[in-house]
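Here is the structure we will look at, set down as structure tokens.
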Amino acid sequence: MIGKTFFPFLFAKTSMALADVLYIMTIVTFIFQSTGSATYAAMYPLFQIIAGLFAGFTIPLLVERFKFNRLVGILALFKPVMLALFTLVFPYISTNMFALLLFILFTSFVSGWLNPLLNTIVPKLVDHDRLVKANSYLTFSNHTIQLAGYTFTGMIVVAFGTTFTLTATTILQLLGTTFLLITLKSLQELPSKMKQANWEASKEGWLLLWNNKTIRMITTMDVIEGIAGAIWIGAITLVFVKEALGQGADWWGYINSSYYLGTILGGLLALVIANKVQKHLVLSMAIGSFLFSVLTFLYGINSTPWIALALCVFMGPAYQIRDIAQQTAVQTSVPTDVLPKIYAARGILMSTIVGLSVLLVGIVTDLLGVRMVYIFGSILICTSALLSFTLLHLERARQKVTNSA
């Protein structure tokens, strides 16, 4: 059984995830309606990437100087306070795009610090043999919230206005923060260790990323699949819908919704087979990546819209099993007190890879056509699946050493 302390955290993450979706959709919708500029509307995801890079470099320093529970609690409290302030001043700054974007940038920094720290809480709450089930609960909850949020937020903004939606966002964020603080009270604070110099603290995550064979291999797989992941950015999907499927922009929404539906089903499947995935983490990653590769290839060569929707639904479970197994493998490969530094280093690496891969995918699309982008992506994902078998060999060798000892 998963301990009772996990479920307040699950509720906190769910409430905060819904608040984030409402906030993103409200701000992006408002900016686009006010300016008619897609460039301004795209500033939010750009700020998220900038904040992620900044957070990756500074989180190790914060973790060294503050106790974990206190740091998470302070950052979590910042969000509802800032949202409440933002809601109050919104009528006055909504016409000043510079002030609006500056506030959004600051909130992105806070989220950039907080989110990686939240990822390290699960192994502190749950025994290692229950991590797959716990991660499955979180995945199912997160993707359900995203599907509902991205589907209905636009209608809520139109029906009730921006201020109402921002107020609801603040309440949800406050609710999530309250349950997070309850969770933190149940966490035993680790004893303080000798403080490191700034450079030593910053490079520790990178050293662990390289020296731990399991983390290094998983990160290599992440990098490869991160490059492939750029094929799913909105612009490429829209081009595929129009050129390969011969449909209008409305099918862009159908494709996204079908994939989210698949991820929800994947979360449910992971809950059902959690014990098997827990016992075979690396094999689960390999099978999930391989199936995702095959489905992506079929998607790329397909021209029938309804088959494309079905393939996207099937992709969800394949990717979720792989993702949950991989997340669990990372959480169990190192002590929990160094996880924030590893997530920080991985965050810097992945943000850089995603930024470069978007450019690469754009060039491939222009030169070779949109179908080749998905075929190229499927080859990369298959390469990642093959690497996971190398990781499987490492795990078996480690088990032999353990058994012989």
Side-chain angles (χ1 to χ4, degrees), residues 12-13 15-35 37-66 68 70-120 149 153 157 162-178 180-181 184 198 202 340 343-344 347-348 350-352 354-355:
K13 282 276 284 182
S15 183
M16 293 167 78
L18 181 56
D20 284 342
V21 172
L22 286 175
Y23 175 69
I24 293 168
M25 288 294 290
T26 302
I27 294 301
V28 171
T29 302
F30 175 81
I31 291 176
F32 185 74
Q33 289 178 341
S34 300
T35 64
S37 169
T39 302
Y40 276 121
M43 291 298 285
Y44 187 89
L46 175 62
F47 286 165
Q48 284 184 310
I49 293 173
I50 294 171
L53 288 171
F54 180 78
F57 284 111
T58 54
I59 281 176
L61 309 181
L62 295 175
V63 170
E64 280 296 311
R65 277 149 182 73
F66 299 97
F68 181 85
R70 178 175 294 182
L71 178 61
V72 174
I74 291 173
L75 289 174
L77 282 169
F78 257 117
K79 293 194 74 172
V81 170
M82 289 167 55
L83 281 172
L85 178 63
F86 184 56
T87 304
L88 288 173
V89 303
F90 182 77
Y92 307 101
I93 68 170
S94 58
T95 56
N96 187 331
M97 194 56 58
F98 176 77
L100 193 63
L101 292 175
L102 189 64
F103 195 96
I104 293 170
L105 180 61
F106 188 66
T107 57
S108 297
F109 283 142
V110 175
S111 296
W113 282 315
L114 180 61
N115 291 336
L117 295 176
L118 292 179
N119 290 334
T120 70
T153 301
V157 173
T162 303
T163 302
F164 173 87
T165 315
L166 286 174
T167 303
T169 302
T170 304
I171 293 171
L172 284 168
Q173 190 68 56
L174 180 61
L175 193 61
T177 300
T178 301
L180 179 60
L181 294 176
L184 292 175
N198 287 352
S202 297
Y343 277 120
I348 295 171
M350 294 311 299
S351 294
T352 305
V354 168

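We use all heavy atoms of the structure for the numbers below, so side chains are in, but hydrogens, waters and symmetry mates are not.
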Provide the closest heavy-atom pair for [X] versus [Y] in the form atom of the first, atom of the second, distance.
X: I104; Y: T107; result: O-OG1, 2.7 Å
X: F68; Y: P340; result: CE1-CG, 4.2 Å
X: A19; Y: L172; result: CB-CB, 3.9 Å
X: M16; Y: G176; result: CG-CA, 3.8 Å

For residues [X] and [Y], determine if any side-chain heavy atom of one lies less than 4.5 Å from a side-chain heavy atom of the other.
X: L184; Y: L181; result: yes
X: L180; Y: L118; result: yes
X: L166; Y: Y23; result: yes

Side-chain atoms of residues 75-93: list all donor-acceptor pairs with protein atoms under 3.5 Å, sequence neighbours left out, distances to 0.1 Å.
from	atom 1	to	atom 2	distance (Å)
K79	NZ	D20	OD1	3.2
K79	NZ	S111	OG	3.0
T87	OG1	L83	O	2.8
T87	OG1	T170	OG1	3.4

Inset, instruction - Hey, could you give me the CG/CZ distance between L100 and F30, rounded to the nearest 0.5 Å? - result: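 Rounded to the nearest 0.5 Å, the CG-CZ separation comes to 6.5 Å.
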Legend entry - Approximate separation, where rounding is to 0.5 Å, of L114 CG and L71 CG: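 The distance works out to 8.5 Å.
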Legend entry - Residues which pass salt bridge (Lys or Arg N to Asp or Glu O under 4.0 Å) with K13, listed by chain and number, not counting sequence neighbours: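 Partners of K13 under the salt bridge (Lys or Arg N to Asp or Glu O under 4.0 Å) test: none.
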Legend entry - Among F103, F54, F57, the one residue meeting ring pair (Phe, Tyr, Trp, His ring centres under 6.0 Å) with F109: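 For F109, the ring pair (Phe, Tyr, Trp, His ring centres under 6.0 Å) check succeeds only for F54.
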Inset, instruction - With sequence neighbours excluded, give me every salt bridge (charged side-chain N to carboxylate O under 4.0 Å, His left out) pair touching residues 83-96. - result: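 Residue pairs with at least one partner in residues 83-96: there are none.
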